[in-house]
Amino acid sequence: MSENEYFVEEALLSKVPRWRNYLAAKLGLRNHWYPVKLSSDMHEGQVVEAKVCGEEILLKRINGEVRAIRDRCLHRGVKFSKKIECYTQETITCWYHGFTYQWDDGRLCDILASPESKAIGRRHVKSYPVQEVKGLVFVYVGDDDVKPQPLSEDVPPTFLDEDLELHCAIYEVESNWRVACENGFDGLHVYIHRASELVPDTMRSLPIGHLAPSGEVEVHESDGAPKGVYDSFANHSVVWEGKVGEKVVVTGTKRESDKPTRTTAASLWMPCGLRVDDFPDQGITQFEFYVPVTEDRHLYVMLVGKRLKTDEERANFTHEFWNRWKPVGFENFNAQDIEARVALQEFYHRDSAWLDEMLIEGDTPLIKWRELCHRHARGIQKPEHM
Amino acid sequence: MSENEYFVEEALLSKVPRWRNYLAAKLGLRNHWYPVKLSSDMHEGQVVEAKVCGEEILLKRINGEVRAIRDRCLHRGVKFSKKIECYTQETITCWYHGFTYQWDDGRLCDILASPESKAIGRRHVKSYPVQEVKGLVFVYVGDDDVKPQPLSEDVPPTFLDEDLELHCAIYEVESNWRVACENGFDGLHVYIHRASELVPDTMRSLPIGHLAPSGEVEVHESDGAPKGVYDSFANHSVVWEGKVGEKVVVTGTKRESDKPTRTTAASLWMPCGLRVDDFPDQGITQFEFYVPVTEDRHLYVMLVGKRLKTDEERANFTHEFWNRWKPVGFENFNAQDIEARVALQEFYHRDSAWLDEMLIEGDTPLIKWRELCHRHARGIQKPEHM
Amino acid sequence: MSENEYFVEEALLSKVPRWRNYLAAKLGLRNHWYPVKLSSDMHEGQVVEAKVCGEEILLKRINGEVRAIRDRCLHRGVKFSKKIECYTQETITCWYHGFTYQWDDGRLCDILASPESKAIGRRHVKSYPVQEVKGLVFVYVGDDDVKPQPLSEDVPPTFLDEDLELHCAIYEVESNWRVACENGFDGLHVYIHRASELVPDTMRSLPIGHLAPSGEVEVHESDGAPKGVYDSFANHSVVWEGKVGEKVVVTGTKRESDKPTRTTAASLWMPCGLRVDDFPDQGITQFEFYVPVTEDRHLYVMLVGKRLKTDEERANFTHEFWNRWKPVGFENFNAQDIEARVALQEFYHRDSAWLDEMLIEGDTPLIKWRELCHRHARGIQKPEHM
């Protein structure tokens with residue numbers, strides 16, 4: 001297999017100078033934080049595999065803290081995960097020749113079959129910075145000589161707020177991560193959700209399309225803060241009826257009510273996080289991360305969050321999550337998005353497709369997103385990093 | 001996946017200057033008519049998919065007439081066929097954002113989620129000229145700025161004759177279309193048919209090989225008429241016994257009879273049509289089309305035709321088709337050809353194989369066919385057309 | 001499929017000037033002898049297929065002697081093996097047009113469908129020199145204008161000795177042949193065998209690692225003799241206990257005994273033969289061949305040999321083979337090697353991996369092997385040979 005097939009051809013890149021880095025980032029943006037596991041799926045002492053931006057990673061929880069190293073022995077390149085040998089709490093030993101590494105810094109500390117080797121103590125398998133917040137394990141996929149930026153710059157604003165109680169589920173989806181970002185943020189794709197169970201369940205309004213006047217969206221790119229594109233729905237022109245010629249053929253759901261019944265904003269944040277305000281219902285925020293796995297797969301990390309104070313409120317919200325937001329939101333509404341992304345991938349798996357698309361007025365926020373990623377990418381993941 | 005893999009390398013093309021276009025036409029010849037469906041498989045209002053020369057096409061019968069458009073929304077490239085939405089008889093709506101196109105000319109006439117878009121009325125999805133004759137739906141796969149030639153130039157002579165009653169079946173076969181053309185026309189490959197049920201069933205003569213003296217075949221290339229290579233069997237030298245050294249090891253079937261018992265000619269016509277005269281029996285003509293689907297698949301369209309006048313004759317021929325020519329011809333005799341093509345494809349899927357073959361005297365008609373295609377190809381299908 | 005993907009890129013080759021030919025020999029070394037079948041699997045008159053260094057070969061035993069030709073008709077490239085037609089003992093006839101070749105020299109002697117062709121008697125399908133020794137059929141994969149070297153130069157020394165009684169089994173394994181060679185010869189990989197049934201069964205000693213002082217191994221490269229790298233275990237530093245920090249975590253098996261209980265040497269011979277002395281037990285020699293099939297598959301040919309004089313000794317050894325060395329050696333001990341090779345292949349299938357590995361002191365014999373192959377390769381198998 002040629003490795004070049006993962007690269008994007010220069011002839012294509014040069015045609016999109018304003019979002020060239022985005023087109024190049026088929027495998028993800030480098031030097032960023034990515035969520036890879038639910039905390040609750042990693043018990044003390046457990047070793048688990050993950051794949052992020054094409055890199056195969058092994059994680060272990062040791063004395064409560066999660067450590068992560070590359071799942072590949074320095075010596076002959078075999079995967080530790082083929083046969084896990086952990087003879088001490090702090091080390092992992094390769095099954096092939098007994099090369100033993102420390103979980104905390106990746107240092108080669110022993111070679112069982114060759115205890116006199118000069119390599120011992122001098123070499124390191126790649127280790128990954130890890131942070132655990134809000135029930136998620138985040139891994140920093142980056143160059144060794146780059147100091148990780150604070151995690152707070154790589155998640156949507158408010159995500160880390162203390163009073164925000166979050167519930168999460170993770171699926172794997174067969175599409176590129178960029179396709180997923182764009183589907184989630186797209187103000188017109190609400191068209192596919194018009195028959196979702198969520199609409200009657202929540203008594204919400206759901207148009208069949210909406211767009212900012214002249215594509216007006218806020219671009220956030222201050223130093224030291226998350227970089228994102230924020231689309232407030234307040235001034236949107238909203239479409240409630242779909243017509244072919246003069247004939248109304250599909251309709252959205254518009255409720256007359258004293259209290260607000262609509263999502264108020266959507267925003268997309270580098271490297272791959274979406275925030276939807278007042279969704280799936282008023283007072284709730286949905287977050288989504290589309291974590292690159294390979295060039296044609298992403299991890300779909302979905303969370304609903306609510307600001308809560310008391311244990312009783314939290315218990316109620318937990319109940320609500322399992323009985324309502326997970327089945328009606330994640331497994332019904334969001335499954336429609338998964339279908340769309342898989343369909344998009346059939347087209348966008350060819351790099352040239354990004355030049356063959358025909359965007360319209362309502363897609364302006366997506367262009368702003370691409371350009372933002374181009375300007376603020378800290379690096380581009382490439383085959384040589386895999 | 002790199003798109004270049006579909007192209008044929010210049011280093012190979014330059015070695016066959018006299019049939020360079022043919023070698024290049026891995027995906028088919030462009031700007032030609034191709035049969036893609038049985039008329040009887042397209043009921044009023046039904047939407048069906050087809051793939052021709054790598055292009056994904058959607059067809060619908062509207063008020064009796066078949067319309068064809070590209071199965072790909074202009075906007076984000078998804079396939080309409082993923083979820084068909086036809087809100088009016090004359091339009092199709094993309095399930096993703098409600099982009100709506102007219103079946104007759106491909107015009108973008110509405111966008112349900114964005115009814116104010118300036119793209120409406122200005123853009124067109126590719127639409128394909130369609131003609132329906134002899135129980136087959138033909139589609140013109142060509143450039144938008146090329147006026148389609150009459151269908152009559154793209155089928156074997158006599159195929160459109162009014163008194164010719166035709167019956168048809170369509171299979172899909174795992175070989176390139178050129179491999180199929182050459183197997184069908186090859187005067188020596190009759191060797192593989194020596195044990196076919198068709199021989200005793202029809203009391204026919206079937207040699208194990210035959211070839212024109214010094215490869216003499218008629219090349220038809222007048223303007224405004226079908227382009228083809230015609231091989232009359234009248235003066236052929238015929239082989240009835242196959243020998244290894246002096247030992248006869250296989251024999252053809254030679255009947256002494258007052259009436260003729262042999263096929264009288266085979267001819268191959270651009271873009272991909274074969275005609276075999278007096279086959280499967282005297283007074284019957286077999287037609288075959290080998291329609292490119294992808295570079296390693298073709299649609300095998302088989303027809304038997306007879307000149308008939310009365311309804312009774314036609315009813316008898318219909319009966320004969322289902323009870324004799326389909327099982328004994330299409331499903332026995334022709335299945336031997338399918339096997340051969342699949343075996344050939346294992347070799348010819350490598351472009352360089354076309355230079356590694358070792359043709360002999362009896363293959364001269366095939367070379368004339370390749371050269372004819374080179375001279376008269378109206379275009380070469382390429383990956384960028386897909 | 002591009003053929004270039006089988007080639008190794010010049011940019012990589014140029015980085016390893018001392019073993020460049022070895023890195024290039026993904027498909028094997030050319031102009032060498034390879035074992036491909038058990039003699040006992042080829043009965044008189046039987047036609048069998050084999051694939052060596054990517055070349056598809058057909059073999060037939062005729063009057064006791066095995067003949068081998070390329071499994072591809074010169075004419076249109078189809079495989080004879082698709083439908084075997086052998087009308088005489090000495091010939092094979094292609095099922096497609098009756099091209100008939102002599103088994104002994106590949107000469108095109110008849111064409112059944114075209115008996116007058118001038119090609120008859122003038123063209124040859126490639127035929128392969130064959131030798132049958134020690135219960136194995138060896139085929140010479142080489143250029144037509146190269147006179148095959150004696151087989152004795154392409155097997156480990158002593159392999160052909162008359163008093164050596166051999167028993168053999170052949171498996172196919174999903175790894176490149178070089179990966180297999182290196183796993184077999186590697187003095188540290190004994191680490192993976194520490195729990196093999198073979199150890200208690202034979203009451204042997206088995207350390208968890210051993211290496212020659214300063215990687216001292218004998219390199220054999222005299223003219224007219226096998227080229228190999230010989231690693232005597234006599235002066236090896238041996239590791240019996242594997243430690244992580246101060247803690248012993250795995251142990252080898254060390255027996256106190258009057259009689260020797262250890263393997264005495266391992267040696268690797270071009271093109272792909274391993275010899276292990278006093279293994280699986282004292283007085284027995286194990287031979288292994290790792291015959292290239294494709295770039296990611298090899299034939300794993302395993303033999304155990306013992307010097308024997310009487311029929312009774314031979315009968316006992318036969319019994320021992322089936323009841324002990326095959327189940328305990330080939331199917332238990334060697335299965336651990338197969339697992340390791342498949343795991344290695346995941347890494348080494350990328351050509352660049354050969355530059356990303358991190359070899360240590362104990363791997364010096366492997367480097368000497370690579371350099372030996374570089375110096376004495378009689379040719380490199382390439383896609384155009386396939």
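In what follows, chains carry the letters A, B, and so on, assigned in the order in which the sequence lines appear, proteins first and then strands, with residues in each chain numbered from 1.
There is no side-chain donor-acceptor pair under 3.5 Å between Arg76(B) and His97(B). When only modelled atom types and interatomic distance are considered, Tyr348(B) and Arg178(B) share no side-chain donor-acceptor pair under 3.5 Å. For the residue pair Thr264(A)/Asp278(A), the side-chain donor-acceptor check at 3.5 Å is satisfied. When only modelled atom types and interatomic distance are considered, Arg378(B) and His32(B) share a side-chain donor-acceptor pair under 3.5 Å.
When the candidates Asp186(A), Val179(A), Val238(A) are compared by the number of heavy-atom contacts under 4.5 Å with chain B, Asp186(A) comes out ahead. Options Leu74(B), Val78(B), Ile111(B) differ in how many heavy-atom pairs under 4.5 Å they form with chain A, and the most are formed by Leu74(B). The candidate from Ser114(B), Gly98(B), Ala119(B) with the greatest count of non-hydrogen atom pairs under 4.5 Å with chain A is Gly98(B). When Leu211(A), Asp356(A), Asp363(A) are compared by the number of non-hydrogen pairs under 4.5 Å with chain B, Asp363(A) comes out ahead. Options Val190(A), Val244(A), Ile208(A) differ in how many heavy-atom pairs under 4.5 Å they form with chain B, and the most are formed by Val244(A).
Cation-pi geometry between Arg341(B) and Tyr290(B) is not satisfied (NZ or CZ under 6.0 Å from the ring centre, within 45° of the ring normal).
Heavy-atom distances place both the backbone and the side chain of Asn183(A) under 4.5 Å from chain B. At a 4.5 Å heavy-atom cutoff, the contact between Lys83(B) and chain A is made by side-chain atoms alone. If you measure heavy-atom distances from Arg194(A) to chain B, the contacts under 4.5 Å come from the side chain alone. Only the backbone of Glu241(A) comes within contact range of chain B, with heavy atoms under 4.5 Å apart. Interface remark: Ile120(B) contributes no atoms to any contact with chain A (heavy atom separation under 4.5 Å). At a 4.5 Å heavy-atom cutoff, the contact between Thr100(B) and chain A is made by side-chain atoms alone.
Salt-bridge formation is detected for the pair Glu172(A)/Arg297(A): a Lys NZ or Arg NE/NH1/NH2 atom is positioned less than 4.0 Å from an Asp or Glu carboxylate oxygen.
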Query raised in the report: Would Asp296(A) and His349(A) count as a side-chain hydrogen bond (donor to acceptor under 3.5 Å, both in side chains) if you check the C-alpha gap in whole Å, the side-chain angles of each, and the deciding distance to 0.1 Å?
Result: CA-CA 7 Å; Asp296(A) 51 16; His349(A) 82 277; over 6 Å; no
**Report entry** Evaluation steps, side-chain contact (heavy atoms from CB on, under 4.5 Å), between Asp351(A) and Glu9(A)
**Finding:** CA-CA 8 Å; Asp351(A) 297 330; Glu9(A) 283 173 25; over 6 Å; no
